[in-house]
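Basis for what follows: all heavy atoms, side chains included, without hydrogens, waters or symmetry-related copies. Please read these numbers as outputs of a predicted model, since none were measured by experiment. For this chain, numbers begin at 1 and follow the sequence in order.
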Amino acid sequence: MVVDDDISKDEVQKAAMRMSKPAGTGMSIIDTNTAITNFAAGKYDSHNVFLIVRHPQTLVDLAKGGVAIPKVNIGIIFDGPGKQTVKKMVSVNEEEISALKELENLGVEVTFHFVPNDVEEPMSSYIN
């Protein structure tokens, strides 16, 4: 499931994302409020849901909205203005660092684990 307020309104981006999903799997591309509503209604209770978001703050909003998030694995966060590289392929700004720390404060485990052969590392190894 992709949760993003902008992408959920862009039919071209949604079509491109749907082409990239593995065969035989479903995909939802929805905004944050719809995700919170759907989770609260039990729509995904019988599913394993893999969430993909562009901004860590989206995860904070979901968690505060009552969505149970057992673990967050930080994937690629691209470099850009005002960002610092904390690990290969992960660059964050102060807002993203704050959101990731808030997730941990909400009881969500935050880790780095890019490929199956890598060792899973806690966020605190790179972001304090």
The side-chain hydrogen bond (donor to acceptor under 3.5 Å, both in side chains) partners of Lys64 (sequence neighbours excluded) come to Glu102
Inset, instruction - State plainly whether one hydrophobic cluster holds both Val53 and Val2, where clusters connect Ile, Leu, Val, Met, Phe, Trp and Tyr through side-chain heavy atoms under 4.5 angstrom apart. - result: no
Separation between CG (Asn38) and CG (Asp45), nearest 0.5 Å, reads 11.0 Å
Steps toward side-chain contact (heavy atoms from CB on, under 4.5 Å) verdict (Lys71, Thr111): CA-CA 8 Å; Lys71 181 189 277 188; Thr111 65; 4.2 Å; yes
Lys43, NZ atom: more than 12 neighbouring heavy atoms under 6.0 Å: no
Close side-chain approach of Leu62 to Leu51, heavy-atom, < 4.5 Å: yes
### Query
Between the side chain of Lys14 and the main-chain N/O of Ile7, is any donor-acceptor distance below 3.5 Å?
no
> For Lys101, does its backbone N or O pair with a side-chain atom of Glu104 as donor and acceptor, under 3.5 Å?
Replying inline: no
Tightest non-hydrogen contact, residues Phe112 and Val86, listed as CZ-CG2, 4.5 Å
To the nearest 0.5 Å, atom CE of Met123 lies from atom CG of Asn73 at 12.5 Å
Sorted by chain and residue number, the side-chain hydrogen bond (donor to acceptor under 3.5 Å, both in side chains) partners of Asp31 (sequence neighbours excluded) come out as Thr34
Would you say that Ile69 contacts Leu59 through its side chain, given a criterion of any heavy-atom pair below 4.5 Å between the two side chains? yes
Is there a path from Ile52 to Val72 through hydrophobic residues (I, L, V, M, F, W, Y) whose side chains come within less than 4.5 Å of each other? no
On a heavy-atom basis, the closest approach of Glu96 and Pro56 is CG-CD, 3.9 Å
Open item on the list: Starting from Met27, can I reach Met1 by hopping between I/L/V/M/F/W/Y residues whose side chains sit under 4.5 Å apart?
Closed with: no
Interatomic distance, NZ@Lys21 vs OG@Ser28, rounded to 0.5 Å, equals 10.5 Å
Looking only at atom types and distance, does a side-chain atom of Asp4 sit under 3.5 Å from a main-chain N or O of Ile30, one as donor and one as acceptor? no
With the 4.5 Å side-chain cut-off for hydrophobic clustering, are Leu100 and Met89 part of the same group?
yes
Problem - From CA spacing to verdict: side-chain contact (heavy atoms from CB on, under 4.5 Å), Gln84, Glu94 - result: CA-CA 9 Å; Gln84 60 180 332; Glu94 290 302 318; 4.0 Å; yes
Looking only at heavy atoms, the pair that brings Ile76 and Phe114 closest together is N-CE2, 4.1 Å
Checking Ile127, Ile74, Thr85 against Val92 for side-chain contact (heavy atoms from CB on, under 4.5 Å), the one that qualifies is Ile127
Sub-4.5 Å side-chain heavy-atom contact between Tyr126 and Val90
no
From the list Thr32, Asn33, Thr58, side chain to side chain donor-acceptor pair (under 3.5 Å) partner of Asp5 resolves to Thr32
What one should report as the nearest heavy-atom pair of Val119 and His113 is C-CD2, 4.0 Å
Counting heavy atoms not belonging to Glu120, are there more than 12 under 6.0 Å from its CD?
yes
Note: Ala35 and Val3 closest approach over all heavy atoms is CB-CG2, 4.0 Å
dist Leu103:CG -> Glu109:CD (nearest 0.5 Å) comes out at 12.0 Å
For Ser8, the side-chain hydrogen bond (donor to acceptor under 3.5 Å, both in side chains) test, sequence neighbours excluded, returns none
task = Would you kindly confirm whether Val108 and Ile77 end up in one hydrophobic cluster when ILVMFWY residues are joined by side chain heavy atoms under 4.5 Å apart?
result = yes
